[in-house]
Amino acid sequence: MKYASVIVDVPAMQTDRAFDYKIPEEWQELVTPGMRVIVPFGPRKIQGFVIETKNHSEFKRIKAISELLDLTPCLTSELLQLGQWLTEKTLCFKISAFQAMLPAAMKAKYEKALGLTTDDVTKLADQLQSFFMNGNQVDLKEIEQSVSLKMIQKEIEQGHLEVIYKVKQKTNKKTIKIIKRNESLIRLTELIKELPANAKKQIEIISYFTTNEINEIALQDLLIEANTSDTSVKALISKGILKEEIKEVYRDPYQDRHFEKTKRLMLNNEQQQAITPLLKSINENVHDVFLMYGVTGSGKTEVYLQSIEEVLKNGKEAIVLVPEISLTPQMVHRFKGRFGSKVAVLHSGLSTGEKYDEWRKIQRKEVQLVVGARSAIFAPFENLGMIIIDEEHESSYKQEENPRYHARDVAIYRAKLHKCPVVLGSATPTLESFARSKKDVYKLLTLKERVNKRSMPRVDIIDLREELRSGNRSMFSTSLIEKLTERLEKGEQSVLFLNRRGYSSFVMCRDCGFVIQCPHCDISLTYHRHGQQLKCHYCGHEEHMPNVCPECQSEHIRFFGTGTQKVEEELVKVLPHSRIIRMDVDTTGRKGAHEKLLTRFGNKEADILLGTQMIAKGLDFPDVTLVGVLTADTMLNLPDFRASEKTFQLLTQVSGRAGRHELPGEVIIQTYTPEHYSIQLASQYDYDSFYNHEMQLRKNHAYPPYYYLALLTVSHPEITKVVSVTEKIVQILRRNVENETKILGPVASPIPRIKDRYRYQCMVKYKREKNLHVTLRKIIEHFQQEMSSNDLMIAIDLSPNTMM
DNA sequence: AGCACGCCGACT
DNA sequence: GTCGGCGTGCTC
C-alpha cells in the first residue's frame, strides 16, 4: 500500500502540515511528488500538493486521494524544495508558497451543490421541488437566494438532499473543434455527386476540402470559409463523411504580431569587458552574482541578449525578469525579435488563461527563455543557465503580500542550485547591491558610456517656490512652458511626468479645512472625475462628491492635489494647440490600451505624453527631446527610509527618456526642495556621490544595508486590543534578541486604520540575529488562538521595502 | 478556512 | 422543551 503526503489548500496555521492519503491501486505508479490532487478533507473536498510518497503512514484512518489533477508534476523537485525554503524565509504557509509558484489558473475554486438523494421529488418541500425538475443537482448559490438555509438543512437531515463539494479549476485549457475528413479526397469528389441536390451547403463544404486538398480545418474557419452553419457540418459528421476532434490550443497574446528578426550587434569595448566574465561563468557552470551597473542607454540589453544566446547554445534555459513588461512592449520585441518562438512571456497584462498557456510552454520545454515580471522567477525550468534581473532596484520585485519574497533572493537561491550566474542590471542599483559589489560579494560590471556616445541630457532644476513668489501659481513654470512651446514649433515631442505617489487629489473645504476621509480607513478619499465619485484606494469605499462641506455646510469645498486629468486641463489652457496623450489608470485600464497609446505617440499623433510612474521606464522615442517632471519631491516626504533612493532612481530614469537618438535632449525638474541631495545629484547623474551620501545616512539611522529589518504589523477592529498585543510582542522580542538589535515601537502604522481595522506596528533592526525566526514563530504561536478566533492579524515582513 | 460539536440563553 | 447564538477543536 502506498501513501502520499499532501499539503492541503487551507491557509491556516493548524493545517500547515502534510496530511497522509492512500494512493488508489490504479494510480500507484503514477503519483509522484509535485502533483496536484483532490482529497477529501473533513466533510469537503479540496485541492492539495503531493510532497512525498511513502509505504507507511503513522495514521490509522486514512482516506484515499479522490482525483489526480496532473499527469506530470507541476512542481519540480527543485520547486518543492524552493517552496520549503520560501516558507522558512518569509514565514508563510506551505500552501501559499506553492501557490505563489504557479499561475493563478491552477488554483482551485470551490463550489457547493445540492444533490437529490431520493427518487421521489414530491418528498421535498414545495419551494424546493421546482429546482429539481430537470436534473438532480443544483448549485447551492442558485437555491440560496430563494430558499432559507434552514429548510435545506432539514431536507439534508431527512436524507432527501446532500451537499456535494465541488473542486473546479479557475481556467481550463483552451480547446477548439477540428473538422477532419473521414474519406479520401477522391472519394469526396464522388460524394459531391452522390449527395442530394438540395444539400447545397453540404456539397459546398466537401468541395472546400477537395479544392483546397486539405485534411482538416478548425470548425470556426470552416464556417467562415465555406460560408455555412454548423448544422450542415453536423449532418456530414453524422453521415460519417467528416469527423470532429477536440484539439488543445494555446492562447497566444502575441498572435497577430510580427517580430522583426534582429541580429546581434557589435559590442563596444565596455560591453565586451562586461560580457567576458559573464560568459566564463556561463560556460564553466559557476554560480556568481554580477551587478551590471550601466547608465541608461549603455546597451545593457544587448549584453543580456548575447549572454542568453550562449546559454541557449549550451542547451540550457534562462529567466529574464523585467519590472512590468506590459509597460515596455519594446522589451518584449527585443527578446522575441532575437529568439522568436523560444520565448515565453509572463506578465500582468495577460489574462489568467494566457498566463497559464505561457507557463505550460515552459513546463513542456517548448521554450528555453522566459521574460516576465516577478513571479516568472518560479518558471519550472530544470536546466537553468542564467537568471537576469533587469532594473534590479525596482520595488515591484518584492511581493507585498504573502509570501513576502524578493525575486532577487529567489533568483540567487535557484542559481546556486543550478550553478549558474545571476545578473542584476541597473543604472541606479539599490544601495544593498552596490554595497555588496564593493565588498566583492557581487561582481561589478560597469558600463559608463552610452552606446551612441551621446552625453546625458542637460537637467535644469526649477524652484517652484520662486515661481510662486514671482506670481506664477500654475503647475507649470515659465521655463517649462517656454521649452514646451519651443518643441511644438519644431515638431519635436515632450514627455511630462507627474510623480503622483504621496498625495493625489483629496477633497478639502476651503473654509473650515475639513478633508473628506474614508469612513473605514484613516486616509483621505481620492476624487475621481468620472461620475463625481470619491474613492478609497485601500478598501474600495465610494461615495458621491458632496456639494457642501459636511462639516460647516460651506459651498467652498473642492478637490486639491494634482491628478493627470487636472494637469491635462491646465495644459490645454496654456497650450491650446498641443495634442496631448494622457496615460494613467483611467486611460490604460483596458487590455492593450497602454500599448495603443504608446504606438500613437510613437507615430507622432501627439506632441506631449503626460503620465504617472508608468511612463518612467523603457520608453524610447527618437523625437522626444524634452522631459519635464512636474513635482519631483512628492515622494520625499513619505514615511519611507527609501524615499531619497526612490526619488533619485526615478529622476535618473525619467531623464534617460530624453534625447536617446540623434536629437539632443533636455530635462526640466520642478521642485519645492531644489537643494535636496537626491534631486541635486540626480540632475548631475552622480550616482557615486548619491551612494556615499545616502550610505552615511543609512548608517546613522541604522537602516539597510547596515541593518536588516523586520516589520510586524498588528491589526484588529479594536484599538485597545491592537495596542496591547503590539506591546506584548515588543516585550517578547526584547527578551529574545541580541543587545545590538534595536526595537522600535509599538507605534501606529503610517495608515492607522484600513477597512475598519486599527493598525500598529513594531520594527526590528538587527545585524546578527540567528534566533529571530524562532522568536517570530514563537510570537505567532503565542497569538495563534486569537488569530483564528478573535479576528486578530499579525503580518510579518522580513526585509520590508517601506514602512507602510 | 470550513464545519461539527457542544453548551447556554430566549422563545413557540 | 426546542431553536439558535458562537466558543472549541479537528480535518489524514
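Because the structure is predicted, anything quoted here is derived from the model rather than measured. Here is how names work: the chains are called A, B, and so on, in the same order as the sequence lines, proteins then strands, and each is numbered from 1.
- Within the structure, salt bridge (Lys or Arg N to Asp or Glu O under 4.0 Å) contacts touching residues 64-88 of chain A (residues at least two apart or in different chains) are A:Arg36-A:Asp70, A:Glu78-A:Arg414.
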Task: Candidate pair A:Gln399 and A:Arg374, rule side chain to side chain contact (heavy atoms under 4.5 Å, CB included), full reasoning - done: CA-CA 8 Å; A:Gln399 175 147 339; A:Arg374 181 179 59 229; 3.4 Å; yes

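- Residue pairs meeting the ring-ring contact (aromatic ring centres under 6.0 Å, His included) criterion with at least one partner in residues 128-173 of chain A, sequence neighbours excluded, are absent.
- First and last contacts of DNA chain C with chain A, using any nucleotide atom under 4.0 Å from a protein heavy atom and ordered 5' to 3', fall at C:dG4 to C:dC12.
- Of all the residues in residues 89-115 of chain A, A:Lys112 reach under 4.0 Å from DNA chain B with at least one non-hydrogen atom.
- Between A:Glu111 and the options A:Lys168, A:Lys166, A:Lys141, a salt bridge (Lys or Arg N to Asp or Glu O under 4.0 Å) holds for only A:Lys168.
- In this structure A:Glu366 satisfies the side chain to side chain donor-acceptor pair (under 3.5 Å) test together with A:Tyr250, sequence neighbours excluded.
- The 12-atom threshold is not exceeded at NZ of A:Lys107, counting heavy atoms of other residues, nucleotides or ligands nearer than 6.0 Å.
- Note on A:Glu394 versus A:Arg408: no salt bridge recorded, every NZ/NE/NH1/NH2 to OD/OE distance being 4.0 Å or above.
- Ion pair A:Asp791/A:Arg757 flagged as a salt bridge, since at least one NZ, NE, NH1 or NH2 atom sits closer than 4.0 Å to an Asp/Glu carboxylate oxygen.
- Nearer the 5' end of DNA chain C, as judged by each residue's closest nucleotide, is the contact made by A:Gln785, out of A:Ala64 and A:Gln785.
- Contacts of A:Lys109 classified as side chain to side chain donor-acceptor pair (under 3.5 Å), with partners at least two apart in sequence or in another chain: none.
- DNA chain B is contacted by A:Pro43, A:Arg44 of residues 43-59 of chain A, taking any non-hydrogen atom closer than 4.0 Å.
- Contacts with DNA chain B (heavy atom under 4.0 Å) in residues 10-40 of chain A: A:Val10, A:Pro11, A:Ala12, A:Gln14, listed by number.
- The ring-ring contact (aromatic ring centres under 6.0 Å, His included) analysis of residues 771-800 of chain A, with sequence neighbours excluded, yields no pairs.
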So which protein N/O to nucleotides 5-12 of chain B N/O distances come out below 3.5 Å?
none

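- Pairs engaging residues 79-116 of chain A under the ring-ring contact (aromatic ring centres under 6.0 Å, His included) rule: A:Phe49-A:Phe98, A:Trp85-A:Tyr413 [sequence neighbours left out].
- Remark: A:Asp357 does not engage A:Lys174 in a salt bridge, criterion side-chain N to carboxylate O under 4.0 Å.
- Ion pair A:Lys770/A:Glu738 not flagged as a salt bridge, since none of the NZ, NE, NH1 or NH2 atoms sits closer than 4.0 Å to an Asp/Glu carboxylate oxygen.
- For residues 43-56 of chain A, the set of pairs meeting the side-chain hydrogen bond (donor to acceptor under 3.5 Å, both in side chains) definition, not counting sequence neighbours, comprises A:Ser5-A:Lys54, A:Asp20-A:Lys54.
- Using a 4.0 Å cut-off between a side-chain N of Lys or Arg and a carboxylate O of Asp or Glu, A:Lys154 and A:Glu157 do not qualify as a salt bridge.
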